[in-house]
Asks: 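Below is the structure I would like to discuss, written out as structure tokens.
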Amino acid sequence: MRTQVAIIGAGPAGLFLSLLLDRLGIASVIVELHTRDYIENRVRAGLLEYHTVQLMQELGVGGRVALEGLEHGGIELRFNGRGRRIDFRDLAAGKCVTIYAQHEVIKDLAAARLATGKPILFEARNAQLHAIDAERPYVTFHHNGVDERLDCDFIAGCDGFHGISRASVPAGVLTVYERDYPFGWLGILAQAPPASQELIYVHHHRGFALLSMRSPEISRLYLQCAPDEDLSLWPDDRIWSELHKRFATDDGWKLTEGPITQKAVTGMRSFVVEPMQAGRLFLAGDAAHIVPPTGAKGLNLAVADVRVLAAALGHFYSSGSPALLAQYSATCLRRVWKVQRFSWWMTQLLHRFPDNNPFDQRRQLADLDYLTGSRAASQSLAENYVGLPFR
Ligand code: FAD
Ligand code: PHB
């Protein structure tokens, strides 16, 4: 097999890249470890930045998100038993965010990709990258009982944090910057109408909590927990009881309960590798960086990377110049670090740290008071949350 760009992984990064390249007339093959059913049903992120939704419209995959996505013009920050709203439309030039589950995005993108007739090779086992420093790199893998070789001009490593792309870079080339957090999130899906039309981020002395949603009938709720929390210690009634405590307000606001259909614990980490390129291998999305979910940026940052990569590949194939490809890593990293900063800042603002330092608690509350009382501070939150502009 031969193509121009071999894309490893059919997550948001890989699928968006394939559609962007197709629009530029650049051929690609996607090599994906799992089945279509698996990637289309994996419960993950749910919040799309303004630019991510716009890109879906531009690529002709915005039909369902326009109909089924829930546009949110603000969020609530709840602390000291009171909620304060941050109004995005007012503070971020009319922009908003959209609630639409990541696996629904994947369904829309995969359907559009397959409709082009170009391949997603599902259940491709043991993918390995070769000759990434040479003019003609290639990928080998096992597919449909056959050992395959895919020759290409470039490889896009879009295979997430645990993929093989980053691990294929020779030792000494990449520098890792990382920070672990001493907590995780216990996330649930519940068949319960969300108790608020907008997301609620709670600072509470028992720990952080978040109310999100997937539809007018389904709530998505998160509780700060230990990074290695044992789910068997969390029967449904304990989860609801803890959620009620953290969301409690002075004015008797009530959380709606319903049957819990999914429970999982997610760890929290900030992670970046530099550079995001080695020879003809370009890393994008979670393969290159991870953010804690507090700012809801993981998926959106993956999309931002592949916009840059597609433009650079387009420039290369139309002009023969590798100039934009050479700038890929530096261009992406400017945004990556701003988004890392924002995600870290939201995380340290809202979570309870194990040392429970009273100074830090007071500082967090002062920060929240300032943030919700100052237009300048609210505006900074709003412009980061809806998504920083691209230029
Ligand atoms: P991925 O979505 O990880 O896609 C990588 C793809 O590569 C997958 O399809 C995988 O099967 C495939 N792959 C992996 N290894 C190989 C291989 N060896 N060969 C071929 N294919 C391979 N972000 C938020 O903003 N909010 C959230 O609430 C949130 N929750 C999350 C919960 C979990 C459990 C996880 C893991 C992530 C969560 N994220 C969240 C982060 C967000 O989902 C990711 O940032 C986003 O999926 C990144 O997209 P990606 O395409 O870079 O990587
Ligand atoms: C979600 O809906 O899953 C979600 C929303 C906002 C976040 C994180 C997760 O900050």
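Hydrogens, waters and symmetry mates are skipped; everything else that's a heavy atom, side chains included, is used. Atoms within a ligand are numbered from 1 in the order they appear, just like the ligands themselves.
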Asks: Is the shortest distance from a heavy atom of R214 to ligand 2 less than 4.0 Å?
Replies: yes
Asks: What's the spacing between E40 CD and I106 CD1 if we round to 0.5 Å?
Replies: 8.5 Å
Asks: With a 3.5 Å distance limit and no angle check, can you tell me whether R113 reaches the backbone of P119 through a side-chain donor-acceptor pair?
Replies: yes
Asks: Check whether any N or O atom of Y38, backbone or side chain, sits under 3.5 Å from an N or O atom of ligand 1, and answer yes or no.
Replies: no
Asks: Taking only heavy atoms of K297, which atoms of ligand 1 are found under 4.0 Å from at least one of them?
Replies: 25 (O)
Asks: To check your reading of the model: name the closest protein heavy atom to atom 28 (O) of ligand 1, its residue, and the distance in Å.
Replies: Y222 OH, 3.3 Å
Asks: Inspect the contact between D87 and R89 and indicate whether a charged nitrogen and a carboxylate oxygen are less than 4.0 angstrom apart.
Replies: no
Asks: Looking only at protein heavy atoms, which one is nearest to atom 24 (C) of ligand 1, and how far off is it?
Replies: A45 CB, 3.2 Å
Asks: Measure the distance from atom 4 (O) of ligand 1 to every protein heavy atom, then report the residue, atom name and distance (to 0.1 Å) of the closest one.
Replies: G11 CA, 3.4 Å
Asks: Which residue and non-hydrogen atom of the protein lie closest to atom 12 (C) of ligand 1, and at what distance in Å?
Replies: E32 OE1, 3.2 Å
Asks: Could you tell me whether some N/O pair between R44 and ligand 2 is separated by less than 3.5 angstrom?
Replies: no
Asks: Using modelled atom types only, decide if a donor and an acceptor are shared between the side chain of Q277 and the backbone of G279 within a distance under 3.5 Å.
Replies: yes
Asks: Can you tell me if A124 contacts ligand 1 (heavy atom of the residue under 4.0 Å from the ligand)?
Replies: no
Asks: Which residue and non-hydrogen atom of the protein lie closest to atom 21 (N) of ligand 1, and at what distance in Å?
Replies: L33 N, 3.1 Å
Asks: Would you check, one step at a time, whether the test side-chain hydrogen bond (donor to acceptor under 3.5 Å, both in side chains) holds for H289 with Q340?
Replies: CA-CA 9 Å; H289 41 69; Q340 286 288 352; 5.4 Å; no
Asks: Flag the pair R85 and D90 as a salt bridge only when some basic side-chain nitrogen lies within less than 4.0 angstrom of an acidic carboxylate oxygen.
Replies: no
Asks: Looking at atom 53 (O) of ligand 1, what's its closest protein heavy atom, distance included?
Replies: G160 CA, 3.7 Å
Asks: For ligand 2, is there an atom lying under 4.0 Å from some heavy atom of W185?
Replies: yes
Asks: Have a look at ligand 1 and work out which part of R125, if any, has a heavy atom under 4.0 Å from it: side chain, backbone, both or neither.
Replies: neither
Asks: State whether the side chain of E383 and the backbone N or O of L388 hold a donor-acceptor pair below 3.5 Å, judged by distance alone.
Replies: no
Asks: Say whether, by atom type as modelled, one donor and one acceptor occur between the side chain of R78 and the main chain of F247 under 3.5 angstrom.
Replies: yes
Asks: Side chain, backbone, both or neither: which part of L47 comes within less than 4.0 Å of ligand 1 when only heavy atoms are counted?
Replies: neither
Asks: Okay, side chain of H51, backbone of G387: is any donor-acceptor separation there less than 3.5 Å?
Replies: yes
Asks: Under 4.0 Å from a heavy atom of V31: which atoms of ligand 1 are those, numbered in the order shown and with their elements?
Replies: 20 (C), 21 (N)
Asks: Ignoring hydrogens, just give me the one of G9, C158, A101 whose non-hydrogen atom is nearest atom 5 (C) of ligand 1.
Replies: C158
Asks: With nothing but distance in play, are any N or O atoms of P12 less than 3.5 Å from an N or O of ligand 1?
Replies: yes
Asks: In terms of atom number and element, which parts of ligand 1 are under 4.0 angstrom from non-hydrogen atoms of A296?
Replies: 25 (O)
Asks: Answer with yes or no after comparing the ring centroid distance for F183 and F353 against a 6.0 Å cut-off, counting only values under it.
Replies: yes
Asks: Between T294 and M346 (side chain of the first, backbone of the second, donor and acceptor by atom type, cut-off under 3.5 Å), is there such a pair?
Replies: no
Asks: If the cut-off is 4.0 Å to any non-hydrogen atom of L199, which atoms of ligand 2 fall inside it?
Replies: 5 (C), 6 (C)
Asks: State yes or no: are the ring centers of Y50 and F88 separated by less than 6.0 Å?
Replies: no
Asks: Could you list which atoms of ligand 1 come closer than 4.0 Å to a heavy atom of G298?
Replies: 25 (O), 45 (O)
Asks: Can you sort out which atoms of ligand 2 are near P293, meaning under 4.0 Å from one of its heavy atoms?
Replies: 7 (C), 8 (C), 10 (O)
Asks: If you measure from each non-hydrogen atom of Q102 to ligand 1, which part falls under 4.0 Å: side chain, backbone, both or neither?
Replies: side chain
Asks: Mark up the atoms of ligand 2 that fall under 4.0 Å of a heavy atom belonging to A296, in ascending order.
Replies: 6 (C), 7 (C), 10 (O)
Asks: Do we see a donor-acceptor contact under 3.5 Å between the side chains of Y177 and S270?
Replies: no
Asks: List ligand 2 atoms under 4.0 Å from Y201, heavy atoms only on the residue side.
Replies: 6 (C), 7 (C), 10 (O)
Asks: Do H204 side-chain atoms and K245 backbone N/O form a donor-acceptor pair below 3.5 Å?
Replies: yes
Asks: Apply side-chain hydrogen bond (donor to acceptor under 3.5 Å, both in side chains) to E257 and H244, showing your working.
Replies: CA-CA 10 Å; E257 286 192 26; H244 282 297; 2.7 Å; yes
Asks: Only heavy atoms count here, so choose which of S343, S212, G298, P292 is nearest to atom 2 (O) of ligand 2.
Replies: S212
Asks: Can a donor-acceptor pair be found, under 3.5 Å and without considering hydrogens, that links the side chain of N126 to the backbone of H142?
Replies: no
Asks: Just let me know how T294 lines up against ligand 2, side chain, backbone, both or neither, with a heavy-atom cut-off below 4.0 Å.
Replies: backbone
Asks: At under 4.0 Å between heavy atoms, is it the side chain or the backbone of A10 that contacts ligand 1, or both, or neither?
Replies: backbone
Asks: Can you tell me which residue and heavy atom of the protein come closest to atom 51 (O) of ligand 1, and the distance to 0.1 Å?
Replies: A13 N, 2.9 Å
Asks: Relative to the heavy atoms of I164, which atoms of ligand 1 are at a distance of less than 4.0 Å?
Replies: 18 (N)
Asks: For atom 3 (O) of ligand 1, tell me which residue out of H162, R42, H103, R44 has the closest non-hydrogen atom.
Replies: R44
Asks: Please identify which of these residues, L365, D369, L368, meets the side-chain contact (heavy atoms from CB on, under 4.5 Å) condition with N80.
Replies: L365
Asks: Need the ligand 1 atom indices (1-based, order shown) with element for anything under 4.0 Å from a heavy-atom of G163.
Replies: 15 (N)
Asks: Where is the nearest protein heavy atom to atom 41 (C) of ligand 1: which residue, which atom, and how far?
Replies: D286 OD2, 4.2 Å
Asks: Is the backbone of L47 close enough, under 3.5 Å, to the side chain of N300 for a donor and an acceptor to pair up by distance?
Replies: yes
